[in-house]
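Have a look at the structure below before the remarks.
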Amino acid sequence: MANYDFKKIESKWQNKWEEEKLFGNYDEDKPKYYVLEMFPYPSGKIHMGHVRNYSIGDVIARYKKMCGYNVLHPMGWDAFGLPAENAAIQHNIHPNIWTQHNIEDMEKQLKTLGLSYDWDREISTCNKDYYKWTQWLFLQFYKNGLAYKKESGVNWCPSCETVLANEQVVNGQCERCDTEVGKKQLNQWYFKITDYADELLEDIKLLEGWPQKVKIMQENWIGKSFGAEIEFPIENTSKILNVFTTRPDTIFGATYMVLAPEHPYVSELVKGTEYEDCVNAFIKELEHVSDIDRTSTEAEKKGMFIGHYCINPLSSERIPIYIANYVLADYGTGAIMAVPAHDERDLEFAKKYNIEVKTVIRPEDDGNFTVVDEAYIDKGIMVNSGEFNGLKNEEAFEKICELLEKENKGKKTVNYRLRDWLLSRQRYWGTPIPIVYCDKCGMVPVKEEDLPVELPTDIKFESTKLANDETFLHTDCPSCGQTAKRETDTMDTFVDSSWYFLKFADPKNTEIPFDKDIVNKWLPVDQYIGGVEHAILHLLYSRFFTKVLRDLKLLDFDEPFKNLLTQGMVLKDGAKMSKSKGNTVSPEEIIQKYGADTARLFVLFAAPPERDLEWSDQGVEGCFRFLNRIYRLVDEALVNKSFENTTDTMSKDDNELNYMIHKTIKRVTEDLEERFNFNTAVSAIMELVNALYKYKEIDKKLINGLLFKEAIETVIILLSPFAPHITDELWYKIGNKNSVYLQEWPKYDKKAIVRDEIEIVVQINGKVRDKLIVSSDISKEEIEKEAMNSDRIKDLLKDRDVKKVIVVPKKLINIVAK
RNA sequence: GCCGAUGUGGCGGAAUUGGCAGACGCCCACGACUCAAAAUCGUGUGCUAUAAUGGCGUGUGGGUUCGAGUCCCACCAUCGGCACCA
């Protein structure tokens with residue numbers, strides 16, 4: 001008897017697959033299927049999250065291949081980013097060398113998992129062959145007005161010494177290092193993602209294969225709201241204050257106006273007035289308050305009158321202008337009309353500063369209603385609103401907008417919560433932004449034929465910033481040829497990862513970023529798999545890029561990812577595995593101890609893919625035992641020559657086994673095809689193995705060799721996407737010459753899963769009292785007769801009246817009795 | 001505060017259309033094998049009472065139904081997202 005020597009088996013098959021180039025073969029006659037797992041940052045070590053992510057992807061890729069698809073399953077590296085720079089500073093090693101080492105290490109580790117990648121397509125975002133095209137894409141955005149530079153208050157991480165996108169600020173802290181994020185006025189590069197806000201929102205409808213949860217998160221993030229922009233002239237000036245409101249119907253209740261402290265009018269209006277000093281002091285004070293405190297609902301509302309008045313365009317009332325901390329500069333127009341009676345925040349502020357509260361909407365059933373303690377934000381009837389009195393507020397909404405539009409004092413409009421994507425970073429290890437600043441010509445894009453703008457290699461480790469690199473900094477103007485300076489900011493790494501799934505379709509192309517026809521053929525990605533932490537950032541940016549590239553005629557589809565699977569976290573002791581908590585389990589160790597097949601099987605078996613997975617050493621042992629059990633089963637069958645047994649008849653046990661074979665094929669196929677329930681697919685295979693153990697023990701001489709072999713082949717094929725090494729080993733052992741990966745996925749025999757005899761449950765008042773074994777084609781009447789004839793049922797019904805009998809064919813009979 | 005998800009044995013989880021709750025795995029107990037142990041194979045394993053038939057049981061309370069983990073109403077708990085967005 002041989003032992004399950006997983007070390008030998010796994011390295012043997014990994015080598016053989018590579019020698020035979022088993023993966024990355026394409027058959028254009030077959031329908032395409034593109035499986036993609038979110039590519040990793042090359043930290044140097046894979047963790048259990050990776051194992052889970054890539055095991056899921058590999059099962060799908062292998063399964064689809066066996067089902068006859070032309071499968072694209074690539075892998076690459078999201079290789080730019082801060083950790084490389086931190087390593088450079090700490091260990092005096094060049095970020096590029098550090099990164100390349102990590103890639104090599106991680107690639108080795110990934111390969112020990114036996115994943116079916118086409119490594120010929122491997123890409124790395126920090127290679128100049130790749131970032132050249134990231135730069136080229138940036139230039140296309142720039143030329144089409146979708147990349148621009150502006151000065152504004154931005155999120156600044158003092159620890160990373162760089163700006164951050166809104167999406168990268170989590171609870172007021174830097175997503176990367178958890179440092180409190182501050183504010184800074186800076187001139188920065190943006191992508192105009194807001195131009196696509198509406199389409200990004202609308203097309204969420206198209207994403208049928210995405211989890212509802214992710215779609216809702218994106219919807220909320222884009223945050224569309226309907227309202228109006230209304231113009232309030234400022235008294236004694238030529239200025240007009242433009243405000244956005246979702247409640248134009250409450251315009252007669254506006255008792256003060258609020259500007260964001262950063263609003264450009266503020267300094268102009270107070271200049272030289274008695275208010276100037278205290279307004280400036282207030283603005284200074286706010287600069288010291290972090291964004292998180294500033295925008296928290298619990299923060300106390302603060303503000304002040306700035307000495308000017310607006311004129312209400314409909315009522316002509318004078319309305320005092322305030323500035324306040326609770327109005328944001330970069331949403332809407334940065335200014336609001338405040339209606340304390342019908343907005344909680346305005347009411348809180350008005351009470352504090354003794355501003356009038358004017359009720360303009362009342363509930364339908366209360367004619368004498370006045371707002372006192374609580375803002376009234378519900379529907380109702382208009383009051384104190386001139387010609388609009390008595391209307392329902394929804395009607396007034398429309399009529400007021402019409403009037404404003406007619407008189408050129410405002411218009412209906414929509415607003416989005418989504419802001420433009422701040423993409424520049426003050427770091428070295430990223431894609432350089434291909435722009436040059438010339439004293440004469442201004443801002444000039446680098447010529448496409450001069451790309452890539454290469455990262456200098458001779459950097460100083462103590463401060464990895466391009467601005468400090470004199471040779472990089474100085475260049476010639478692409479327009480006039482005179483000396484000029486380069487843009488020294490690099491791009492957010494999310495730019496790199498917003499198009500990598502396209503490059504995988506045409507990775508070797510050096511003439512253009514990718515061939516349009518090839519990309520159109522492979523994309524959209526049929527199944528994308530990754531962590532839910534990317535629900536907003538990466539997935540929204542990638543959708544945005546796809547839409548822009550479509551409009552630039554570089555590709556012909558609207559959405560990059562047809563189906564999305566967001567896998568849960570890997571936990572240990574109830575918490576996410578992390579170095580800082582010290583609750584990690586290293587995949588290398590597990591593979592060393594049990595092998596990759598066991599590791600893969602465990603992460604697939606222990607929980608459904610979308611849920612969090614609690615690590616269990618004993619659970620791993622259980623999976624290892626299962627693989628041993630299969631190995632012994634096959635080995636023993638070969639030693640005993642069980643497959644050579646011949647019988648002419650099918651015994652009852654043979655029929656039962658045949659039923660199990662086909663039922664298992666059906667269950668596993670449906671679990672993989674319809675629901676990605678890997679855990680129940682594995683348990684179905686376990687049940688078949690258990691049935692085989694029972695079957696072979698009944699009577700060794702009566703084993704039906706053909707059927708027994710068919711059952712074992714079924715186990716091997718069904719298990720092969722999960723545990724590819726041991727299954728290939730056994731597949732050869734039982735006499736096959738090709739990898740099981742090249743086998744066709746089995747189909748179940750409909751006849752085999754129909755049983756002659758079935759069990760019918762007999763209930764009295766919904767409680768199970770007996771079970772009947774009956775022929776499967778029995779009629780309703782016969783079931784009832786059989787049930788009533790059972791001794792047990794007769795006994796239980798002795799002193800009772802039968803009121804009603806319900807028969808569910810092939811399932812149960814329920815007798816209602818009193 | 002708003003939006004969403006989840007809640008089932010000692011544990012991970014299953015129950016696909018309203019039809020046997022607890023598949024499969026772990027843990028545990030017992031038996032076989034063994035001088036012994038491990039491994040392996042087998043049996044049992046929701047709670048509770050019992051000689052046995054039973055009673056209770058899917059977060060809580062109500063409802064619909066012959067029948068509810070599954071549908072409806074109210075609530076509780078945990079987790080996730082958003083959070084002065086006018």
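Everything quoted here is computed from the prediction, not taken from an experiment. Proteins come first, then strands; the chains are lettered A, B, ... in the order of their sequence lines, and each starts at number 1.
A donor-acceptor pair under 3.5 Å links the side-chain atoms of A:Glu614 to the main chain of A:Asp573, judged by distance alone.
Base engagement by A:Leu812 is indicated by at least one non-hydrogen atom pair under 4.0 Å involving a base atom. Across all strands, A:Gln212 comes closer than 4.0 Å to no nucleic acid atom at all (heavy-atom distances). Within 4.0 Å of A:Val816, counting heavy atoms only, lie sugar-phosphate atoms of the nucleic acid but no base atom. If you check every strand for non-hydrogen atoms under 4.0 Å, A:Glu674 touches nothing. Here A:Asp612 lies in heavy-atom contact (under 4.0 Å) with sugar-phosphate atoms only. Contacts of A:Lys767 with the nucleic acid, taken as non-hydrogen atoms under 4.0 Å apart, involve only primed sugar atoms and P, OP1 or OP2. Among the heavy atoms of the strands lying under 4.0 Å from A:Arg769 are primed sugar atoms or P, OP1, OP2 only; no base atom is included.
For B:C79, neither phosphate oxygen OP1 nor OP2 lies less than 4.0 angstrom from any side-chain nitrogen or oxygen of A:Arg611. Phosphate proximity of B:A86 to A:Tyr331: present, with a side-chain N or O under 4.0 Å from OP1 or OP2. Within the structure, every side-chain polar atom (N or O) of A:Lys301 is placed at least 4.0 Å from both OP1 and OP2 of B:A86. The side chain of A:Lys213 places no N or O atom within less than 4.0 Å of a non-bridging phosphate oxygen (OP1 or OP2) of B:A5.
The distance between atom CZ of A:Arg417 and atom C1' of B:G81, rounded to the nearest whole Å, is 10 Å. Note: CD1 (A:Ile216) to P (B:C79) measures 20 Å, nearest angstrom. In this structure, A:Lys810 places its NZ atom 17 Å from P of B:C20, rounding to the nearest Å. Between A:Lys803 atom NZ and B:G67 atom C1' the separation is 18 Å, expressed in whole Å.
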(request) Let me have a per-nucleotide readout for nucleotides 23-30 of chain B, 5' to 3', with B, S or -, counting only protein heavy atoms under 4.0 Å. (result) BBSSS---

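Less than 6.0 angstrom separates the ring centroid of A:Trp615 from the ring centroid of A:Phe602. For A:Phe605 and A:Phe722, the ring centers are positioned 6.0 Å apart or more.
A perpendicular orientation is assigned to the rings of A:His534 and A:His538, their planes being inclined by more than 60° (bins at 30° and 60°).
Taking atom P on both B:A15 and B:U34, the two are 43 Å apart, rounded to the nearest angstrom. For the P atoms, the distance from B:G61 to B:G9 is 15 Å, rounded to whole Å. B:A39 and B:U45 are spaced 23 Å apart, taking the P atom of each and rounding to whole Å. The gap from the C1' atom of B:U65 to that of B:C73 amounts to 16 Å, rounded to the nearest Å. Taking atom P in both B:C33 and B:A38, one finds a spacing of 15 Å when rounded to whole Å.
With sequence neighbours excluded, the residues that form a side chain to side chain contact (heavy atoms under 4.5 Å, CB included) with A:Lys666 are A:Glu670, A:Tyr748, A:Ile753. Under the rule for a side chain to side chain contact (heavy atoms under 4.5 Å, CB included), the partners of A:Phe6 that lie at least two apart in sequence or sit in another chain are A:Tyr4, A:Glu10, A:Phe624.
Of the candidate nucleotides B:U16, B:A14, B:A86, B:A14 has the atom nearest to the side chain of A:Pro608.
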(request) State the dot-bracket string of RNA chain B. Criteria: Watson-Crick or G-U wobble, both atom distances under 3.5 angstrom; notation: ( ) intrastrand, [ ] crossing earlier pairs, | interstrand, . unpaired. (result) (((((((..(((......[....))).(((((.......))))).(((.....)))..(((((..]....))))))))))))....

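Base orientation of B:G9: syn, the glycosidic angle falling within 90° of 0.
Across A:Arg675 and A:Asp671, no two heavy atoms sit closer than the pair NH2-OD1, 3.2 Å.
Judged as a salt bridge (charged side-chain N to carboxylate O under 4.0 Å, His left out), the pairs with a partner in residues 598-613 of chain A (not counting sequence neighbours) are, in order, A:Asp58-A:Arg600. Pairs of residues two or more places apart, or lying in two chains, never qualify as ring-ring contact (aromatic ring centres under 6.0 Å, His included) while including a residue from residues 798-818 of chain A.
Closest-nucleotide positions on RNA chain B for A:Asn677 and A:Lys694 were compared, and the one nearer the 5' end corresponds to A:Asn677. Mapping A:Ile806 and A:Glu759 onto RNA chain B by nearest heavy atom places A:Glu759 at the nucleotide closer to the 5' end.
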